[in-house]
Peer 1: 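To start, I am sharing the structure in question, which I have written as C-alpha cells.
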Amino acid sequence: MGGSCGKGVVYLVGAGPGDPELLTLKALKIIEKADIILYDKLVGDKIIEFLRNKGKRIVYVGKNSSESGGKKQVEINRLMKDYALKGMRVVRLKGGDPFVFGRGSIEAKFLKEEGIEFEVIPGVSSIIGVPTNAGIPLTHPDLSSALLVVTGREGVKRWSKTLVEGTLVILMGRDRIKELSSELMKYGRDPETPVAIVENGTLESERTIFGKLSNIAEILKESDVKGPTVIIVGDIVNLGKELRDREGD
Ligand SMILES: C[S@@+](CC[C@H](N)C(=O)[O-])C[C@H]1O[C@@H](n2cnc3c(N)ncnc32)[C@H](O)[C@@H]1O
C-alpha cells in the first residue's frame with residue numbers, strides 16, 4: 001500500500017479523547033510495535049505517561065509553534081518522512097480520531113504524495129466520546145434526530161450552509177437514498193457532489209461504493225447493498241477516494 005520495499009511506515013493513530021481506557025486495541029497494538037511516536041497536545045497525559053513507562057521513544061510535535069517543542073506542519077511532515085525513510089515504524093498519535101479536524105487528512109495527503117506507506121487507525125472522537133462520557137446523549141427519538149458538528153473557528157453564517165456545502169454523514173439512509181439525494185439537490189446541493197457509501201464498516205466485508213448525488217441511488221441499487229451503511233456526502237469524498245488509491249491496489 002503506497003510505499004516501496006525497504007521503507008518504513010507511518011500510522012496515523014487516533015488516541016481517543018484522553019482516557020487511556022479509550023484507546024482502541026488496534027491503536028495499542030500498533031503503538032507497542034512503534035519505533036518512534038510523534039504526538040500532539042491533546043493526547044492524554046496518562047497515555048504519554050504510559051508510553052514513557054513502556055520506554056517508547058516519543059516526540060512532542062503539538063502544532064502551536066509558540067509552545068515549547070511545538071512544531072509547524074512542514075516540520076511534522078518532514079519528521080514523519082525522515083523517520084519512515086530510515087525504515088522505522090512511525091506512529092503519528094493524534095487526539096480523538098485522526099480524520100476529524102486536527103489535519104490528519106493533510107498529513108495523509110502528504111504521505112501519499114511522497115510515496116510513503118501509511119495507515120489510518122480510527123480513534124474515539126471527542127465528538128462522540130466526550131458527550132457520552134459526560135452522560136449527555138446526542139440523539140433521542142423525541143428530542144433530536146440530527147447532529148451538526150462544526151468548528152468554532154467559523155461562524156453561524158457558514159454553519160447554516162452545511163446542507164449545501166458541508167460534509168453530511170447519514171446513518172440509516174440506505175433505503176431512502178433516492179429520495180434523500182433528490183431532496184438534497186432540490187435544496188441546492190450540486191448534483192455533481194461526490195457521495196460514498198460504506199457498507200459493513202470496519203468488518204472484513206466492508207465495501208465502499210462511490211458516486212455522485214445525481215447517480216448514487218442507481219449505483220446503490222446495482223451494487224446490491226444489504227448491510228448497514230454510513231453515507232458520506234461532500235467534496236471531501238474525493239480526497240478520501242484519492243487517499244484510498246494506493247499503488248498496487
Ligand atoms: C483540533 S480538534 C481535534 C479533534 C479530534 N481529532 C477528535 O476527533 O476529537 C481539537 C478540539 O477537540 C475538542 N476536544 C478534543 N479532546 C477533548 C476532550 N478530551 N474534552 C473536550 N474537548 C475535546 C476540543 O474542542 C478541542 O479544541
Side-chain angles (χ1 to χ4, degrees), residues 10-28 30-31 34 37-51 58-77 79-80 90-112 118-139 144 146-156 158-159 162 166-171 196 198 201-202 230 232-237 239-240 243-244:
V10 178
Y11 296 95
L12 299 172
V13 178
D19 179 353
E21 299 277 318
L22 291 176
L23 261 181
T24 64
L25 283 176
K26 192 167 189 176
L28 193 59
I30 287 169
I31 284 170
I37 298 167
L38 309 173
Y39 71 98
D40 271 351
K41 186 178 179 180
L42 282 172
V43 174
D45 292 346
K46 283 194 177 160
I47 295 178
I48 300 307
E49 197 184 310
F50 167 80
L51 298 176
I58 58 173
V59 180
Y60 176 65
V61 296
K63 266 284 308 303
N64 185 346
S65 56
S66 63
E67 288 166 30
S68 138
K71 303 222 182 305
K72 290 187 174 157
Q73 190 62 54
V74 277
E75 176 71 354
I76 297 171
N77 290 352
L79 287 174
M80 290 191 297
V90 183
V91 164
R92 175 72 180 100
L93 194 58
K94 302 170 92 62
D97 181 275
F99 270 4
V100 172
F101 299 121
R103 299 181 181 237
S105 54
I106 292 177
E107 293 176 3
K109 194 162 194 280
F110 168 80
L111 294 166
K112 179 167 167 57
F118 70 95
E119 202 177 318
V120 188
I121 313 300
V124 176
S125 175
S126 60
I127 295 172
I128 310 293
V130 171
T132 298
N133 199 59
I136 302 166
L138 295 178
T139 65
S144 171
L147 170 66
L148 179 64
V149 180
V150 293
T151 159
R153 298 206 168 134
E154 291 169 354
V156 176
R158 185 83 193 268
W159 300 347
T162 302
T167 305
L168 303 178
V169 177
I170 306 167
L171 307 190
V198 185
T202 83
V230 170
I232 304 125
V233 180
D235 292 337
I236 200 80
V237 167
L239 174 60
L243 293 175
R244 287 164 55 96

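First listed ligand is number 1; within each ligand, the first listed atom is number 1. Bear in mind the structure is a predicted one, so any value in this text is a computation, not a measurement.
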Peer 1: For Phe101, is at least one N or O under 3.5 Å away from an N or O on ligand 1?
Peer 2: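 No, there is no polar N/O contact under 3.5 Å.
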
Peer 1: Closer than 4.0 Å to some heavy atom of Ser125 - which atoms of ligand 1 meet that?
Peer 2: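 Ligand 1 atoms under the 4.0 Å threshold to Ser125: 7 (C), 8 (O), 9 (O).
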
Peer 1: Hey, looking at atom 5 (C) of ligand 1, which of Gly102, Gly95, Ser126 has the closest heavy atom?
Peer 2: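 Among Gly102, Gly95, Ser126, the closest heavy atom to atom 5 (C) of ligand 1 belongs to Gly95.
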
Peer 1: Which protein heavy atom lies closest to atom 10 (C) of ligand 1, and at what distance to 0.1 Å?
Peer 2: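 For atom 10 (C) of ligand 1, the nearest protein heavy atom comes out as Leu42 CD1, 3.3 Å.
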
Peer 1: For Pro17 and Val130, work out which heavy atoms get closest and say how close.
Peer 2: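 Looking at all heavy atoms of both residues, the closest pair is CB-CG2, 3.9 Å.
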
Peer 1: Would you say Ser125's side chain and Ile128's backbone share a donor-acceptor pair under 3.5 angstrom?
Peer 2: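 No, because the side chain of Ser125 does not come within donor-acceptor range (under 3.5 Å) of the backbone of Ile128.
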
Peer 1: What is the nearest protein non-hydrogen atom to atom 18 (C) of ligand 1, stated with its residue, atom name and distance?
Peer 2: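 That would be Val130 CG2, 3.7 Å.
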
Peer 1: Sorted by first residue and then second, give each side chain to side chain donor-acceptor pair (under 3.5 Å) pair with at least one member in residues 10-23; sequence neighbours left out.
Peer 2: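 Found Tyr11-Arg89.
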
Peer 1: Return the closest protein heavy atom for atom 19 (N) of ligand 1 as residue, atom name and distance.
Peer 2: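 Ranking protein heavy atoms by distance from atom 19 (N) of ligand 1, first comes Pro17 O, 2.8 Å.
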
Peer 1: Nearest protein heavy atom to atom 25 (O) of ligand 1: under 4.0 Å?
Peer 2: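 No, there is none.
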
Peer 1: Evaluate the side-chain contact (heavy atoms from CB on, under 4.5 Å) criterion for residues Val149 and Phe101: first the C-alpha distance (whole Å), next the side-chain angles of each, then the deciding distance (0.1 Å), finally the verdict.
Peer 2: CA-CA 10 Å; Val149 180; Phe101 299 121; 4.1 Å; yes

Peer 1: Side chain or backbone of Val100 under 4.0 Å from ligand 1, or both, or neither, by non-hydrogen atoms?
Peer 2: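 Val100 to ligand 1: contacts from backbone and side chain alike.
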
Peer 1: Counting distance only, does the side-chain N/O of Trp159 pair as donor-acceptor with the main-chain N or O of Thr151 below 3.5 Å?
Peer 2: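 Checking the backbone N and O of Thr151 against the side chain of Trp159, a donor-acceptor pair under 3.5 Å is found.
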
Peer 1: Give me the atom names and distance for the closest heavy-atom approach of Gly123 to Asp97.
Peer 2: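 The pair with the smallest heavy-atom distance is N-OD2, 3.1 Å.
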
